[in-house]
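Read the structure below first, then the notes.
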Amino acid sequence: PKELMNLKVEELKEAKERLSSIDRFKNILSENSITNERYDNALAFMNLEYAQKAKSLGERTFSKVTSLNKSAYMLELNDDFPLNVKQFILFMSAKESLADMMGEIKEIPQYRTQTILVLCDSSEVQEQLYQERDKHEKLVLLEPKKLTQILLAVDGAKVLADVFAEQLALTQISPYKLGGGVEKSSMFFGRAEIVSHILGRENNNYVIIGSRQIGKSSLLKAIHREYEKAGEKSFYISLNAGNIVRGISNALGLKTKSLDELVSFMMQSKEQYIFLVDEADKFIKDEKETGYEILNSFRKLSEEGRCYFLLAGFWELYEHAVLDYQSPLKNFGETIELGALEHDACAEMIVEPLGQLGLSFEHADLVEEIIERTGRRANIIAIICNNIIKKIGKEKRIIDKVAVQNAIKEKNVYELFEAWRELTADQRANRLDRIVVYATVKKGEFSLSELISVLKSYDFEVDFADLERSLDRLKVSYILDVNDE
């Protein structure tokens with residue numbers, strides 16, 4: 001039954017006739033999850049005009065098609081496409097050699113910047129060009145059976161991804177995004193409990209707290225995508241500059257720069273808005289210095305059902321939401337502390353994208369080593385996997401222990417682990433954090449009284465409140481874990 005998917009498109013008509021003559025055609029389609037409509041469309045494909053072929057392949061790969069000329073079409077891939085390829089050019093020709101085609105290909109304005117998938121008018125010529133694929137690194141040449149699979153498979157985009165992974169440089173199409181949060185739902189793993197908790201309830205305010213590299217941005221963007229699917233007026237805003245009023249105004253397309261004008265707009269609007277605010281620490285720090293004017297206004301807007309906020313950040317947010325009982329952030333919304341990524345999600349994040357690139361691990365324990373060495377931090381896992389892709393080479397497809405260890409030892413990984421030395425802008429607090437870690441690193445488990453004893457043995461006197469804050473900071477940073485016992 002599976003051999004049906006390996007036929008040339010021109011052979012599908014005869015296959016249908018022969019299978020029908022022995023009353024096996026319907027069963028074979030069912031066993032391959034092929035609908036009659038898809039099969040009939042595949043039968044007609046080779047006789048279509050180029051514009052119709054482009055449209056058909058666009059539908060099969062969930063792509064938006066734009067004509068560039070009579071022979072070339074830009075296909076913009078869906079956000080869920082598993083590789084780092086946003087679009088590609090489909091070039092079709094009746095010519096029988098790439099040398100003859102290159103003149104037309106070079107006339108395409110986007111020729112030098114885009115991946116070009118070449119499709120011939122016959123499978124015979126397509127097979128011949130496929131055998132020459134290594135001579136033309138900028139071009140992707142379909143093996144005839146892959147065209148059949150794109151046309152017949154349940155997910156033609158996945159087949160196309162396999163083709164790209166086979167022929168393009170892996171570093172060019174690596175699906176791992178380094179920094180800034182994951183944009184594609186296909187690359188977001190885990191956190192299902194938190195996402196369903198937020199989306200499964202009536203709209204509310206949330207304060208999401210987590211250390212650097214733990215996946216706050218990716219979580220916010222995943223929730224934002226789900227809100228958009230549900231038809232909510234949702235906006236993701238990153239506050240690197242700290243000005244939340246300007247950020248929200250820009251997101252809404254407003255020219256206003258004052259809080260009063262923004263609040264007035266919200267009160268008069270018939271819409272209900274949800275703002276997912278990333279990097280909120282500086283905003284909260286500034287709020288304390290100005291008497292929480294903005295936060296109090298936002299709280300009133302939420303109480304009246306005008307808009308809701310998901311604030312994500314680290315230590316400043318934690319201090320005000322958890323430790324400061326006078327802060328209006330204390331009762332602003334539900335606090336969610338983001339810990340390490342779930343173990344199974346880590347494994348999926350490592351194995352699935354690499355597998356899409358045609359890479360696999362020599363031993364399963366190598367995956368476990370990455371999970372353990374990264375502390376289940378999503379961003380660090382992504383960097384290590386990307387390091388593997390950069391070093392693996394085009395021909396090698398098995399990831400061995402040496403490849404994993406070399407990826408972990410790369411400078412970009414070391415620098416991330418070193419970031420724990422400065423968790424806040426307060427250098428005195430950072431110094432205390434380092435002292436606590438160095439004093440306990442060899443102990444494994446320790447109690448508060450044992451920690452105080454160790455510090456005293458080094459003649460180090462510390463304020464108890466400062467020590468508690470340091471332990472809180474190291475816990476939220478996922479450097480120390482708290483044992484309830």
In terms of side-chain heavy atoms, does Glu352 have a donor or acceptor partner in Gln356 at a distance below 3.5 Å?
no
Are Gln87 and Leu75 close enough that some pair of their side-chain heavy atoms sits under 4.5 Å apart?
no
Non-hydrogen atoms of Leu357 and Pro175 that approach each other most closely:
CD1-CD, 3.9 Å
Strictly by modelled atom types, are Ser21 and Glu17 linked by a side-chain donor-acceptor pair under 3.5 Å?
no
To the nearest 0.5 Å, atom CG of Leu311 lies from atom CD1 of Ile284 at 5.5 Å
Exam field: side chain Thr148 to backbone Leu7, donor-acceptor pair closer than 3.5 Å
yes
Does Glu193, at its CD atom, have more than 12 non-hydrogen atoms belonging to other residues, nucleotides or ligands within less than 6.0 Å?
no
Under the criterion ring-ring contact (aromatic ring centres under 6.0 Å, His included), which of Tyr111, Phe164, Tyr73 is the partner of Phe88?
Phe164
Using side chain to side chain donor-acceptor pair (under 3.5 Å), reason through Ser30 and Asn27 one step at a time and then give a plain yes or no.
CA-CA 5 Å; Ser30 177; Asn27 290 337; over 6 Å; no
For the residue pair Lys233 and Tyr273, would you count it as a cation-pi contact if the rule is NZ or CZ under 6.0 angstrom from the ring centre and within 45 degrees of the ring axis?
no
Side chains of Glu368 and His343 only: does a donor on one sit below 3.5 Å from an acceptor on the other?
yes
Side-chain H-bond candidate by donor/acceptor type, Asp278 with Tyr236, under 3.5 Å
yes
In the structure I gave you, are the side-chain heavy atoms of Asp400 and Glu362 within less than 4.5 Å of one another anywhere?
yes
Check for a donor-acceptor pair, side chain of Gln52 on one end and backbone N or O of Glu49 on the other, with a separation under 3.5 Å.
yes
In Å, rounded to the nearest 0.5 Å, how long is the span from CD1 of Ile237 to CZ of Arg246?
12.5 Å
Flag side-chain contact, heavy atom, 4.5 Å: Tyr130 against Leu142:
no
After noting the C-alpha distance and the side-chain angles of Ile209 and Ile336, does the key distance pass the side-chain contact (heavy atoms from CB on, under 4.5 Å) rule?
CA-CA 6 Å; Ile209 298 165; Ile336 296 175; over 6 Å; no
Under the 3.5 angstrom rule, does the side chain of Ser63 hit a backbone N or O of Val65 as a donor-acceptor pair?
no
Compute whether any side-chain donor of one residue and acceptor of the other, for Glu59 and Asn41, lie under 3.5 angstrom apart.
no
Is there a salt bridge (Lys or Arg N to Asp or Glu O under 4.0 Å) between Glu337 and Lys475? Walk through the geometry before answering.
CA-CA 10 Å; Glu337 289 189 39; Lys475 175 180 74 75; 3.2 Å; yes
Whether the Gln126 and Asp121 side chains hold a donor-acceptor pair (N or O, under 3.5 Å, no angle test) is what I'd like checked.
no
Using distance only, find each side-chain donor-acceptor pair of residues 381-388 under 3.5 Å and give its atom names and separation, not counting sequence neighbours.
unit_1: Asn386; atom_1: OD1; unit_2: Ser174; atom_2: OG; d: 2.6
unit_1: Asn387; atom_1: OD1; unit_2: Asn412; atom_2: ND2; d: 3.1
unit_1: Asn387; atom_1: ND2; unit_2: Ile383; atom_2: O; d: 3.4
unit_1: Asn387; atom_1: ND2; unit_2: Ala407; atom_2: O; d: 3.1
unit_1: Asn387; atom_1: ND2; unit_2: Asn412; atom_2: OD1; d: 3.0

Ring of Phe45, cation from Lys53 - is the NZ or CZ under 6.0 Å from the centre and inside 45° of the axis?
yes
Are the charged groups of Glu334 and Arg201 less than 4.0 angstrom apart, N to O?
yes
Phe25 ring center within less than 6.0 Å of Tyr39 ring center:
yes
How far apart are the C-alpha atoms of Asp155 and Arg60, what are their side-chain angles, what is the distance that settles it, and do they pass the salt bridge (Lys or Arg N to Asp or Glu O under 4.0 Å) test?
CA-CA 7 Å; Asp155 188 349; Arg60 294 299 305 126; over 6 Å; no
In sequence, state the C-alpha distance, the side-chain angles, and the governing distance for Glu226 and Lys229, and then conclude on salt bridge (Lys or Arg N to Asp or Glu O under 4.0 Å).
CA-CA 5 Å; Glu226 294 302 319; Lys229 288 179 185 177; 3.5 Å; yes
Does CZ in Arg373 sit with more than 12 non-hydrogen atoms of other residues, nucleotides or ligands closer than 6.0 Å?
no
Looking at Lys86 and Glu76, is there a salt bridge between them, counting it only when a charged N and a carboxylate O are closer than 4.0 Å?
no
Are there over 12 heavy-atom neighbours, none belonging to Lys177, within less than 6.0 Å of that residue's NZ?
yes
So, are Glu261 and Lys255 salt-bridged, with charged N and O less than 4.0 Å apart?
no
Indicate whether any N or O donor in one side chain lies under 3.5 Å from an N or O acceptor in the other, for Asp80 and Ser186.
no
Judged by atom type as modelled, is there a donor-acceptor pair below 3.5 Å linking the side chain of Lys146 to the main-chain atoms of Val163?
no
Whether Thr374 side chain and Ile370 backbone form a donor-acceptor pair below 3.5 Å:
yes
Among Lys145, Glu10, Lys8, Glu143, which residue satisfies the side chain to side chain donor-acceptor pair (under 3.5 Å) criterion with Ser123?
Glu10
Within a strict 4.5 Å, meaning less than it, do heavy atoms of the Ile89 and Thr115 side chains meet?
no
Looking at CD of Glu11 and CG of Asn6, how far apart are the two atoms once the value is rounded to the nearest 0.5 Å?
10.5 Å
Is there side-chain contact between Asn406 and Lys391, with at least one heavy-atom pair below 4.5 Å?
no
Start with the C-alpha gap between Val263 and Phe298, add the side-chain angles, then the distance that decides, and say whether side-chain contact (heavy atoms from CB on, under 4.5 Å) holds.
CA-CA 8 Å; Val263 170; Phe298 286 175; 5.5 Å; no
With side-chain contact (heavy atoms from CB on, under 4.5 Å) as the criterion, how do Asn243 and Val245 come out once you've worked through the C-alpha distance, each side chain's angles and the decisive distance to 0.1 Å?
CA-CA 6 Å; Asn243 193 320; Val245 172; 3.8 Å; yes
Which distance, rounded to the nearest 0.5 Å, do you find between the CG of Leu329 and the OH of Tyr318?
13.0 Å
Using salt bridge (Lys or Arg N to Asp or Glu O under 4.0 Å) as the criterion, point out the one residue from Arg306, Lys300, Arg299 that pairs with Glu303.
Arg299
What's the separation between atom CD1 in Ile208 and atom CD1 in Ile194, rounded to the nearest 0.5 Å?
7.0 Å
Might you work through the side chain to side chain donor-acceptor pair (under 3.5 Å) test for Ser211 and Arg377, ending with a clear yes or no?
CA-CA 10 Å; Ser211 70; Arg377 294 171 182 257; 3.2 Å; yes
Considering residues at least two apart in sequence or located in another chain, which fulfil the side-chain hydrogen bond (donor to acceptor under 3.5 Å, both in side chains) criterion with Lys95?
Glu104
Mark yes or no for whether Asn205, through its side chain, and Phe332, through its backbone, hold a donor-acceptor pair below 3.5 Å.
yes
Can you check whether Met74 reaches Lys64 side chain to side chain, under 4.5 Å on heavy atoms?
no
Non-hydrogen side-chain atoms of Phe361 and Leu354 separated by less than 4.5 Å:
yes
Flag side-chain contact, heavy atom, 4.5 Å: Leu119 against Leu57:
yes
Please indicate whether Glu271 has more than 12 foreign heavy atoms, meaning atoms of other residues, nucleotides or ligands, lying under 6.0 Å from its CD.
yes
Start with the C-alpha gap between Leu29 and Arg38, add the side-chain angles, then the distance that decides, and say whether side-chain contact (heavy atoms from CB on, under 4.5 Å) holds.
CA-CA 10 Å; Leu29 289 192; Arg38 284 209 304 274; over 6 Å; no
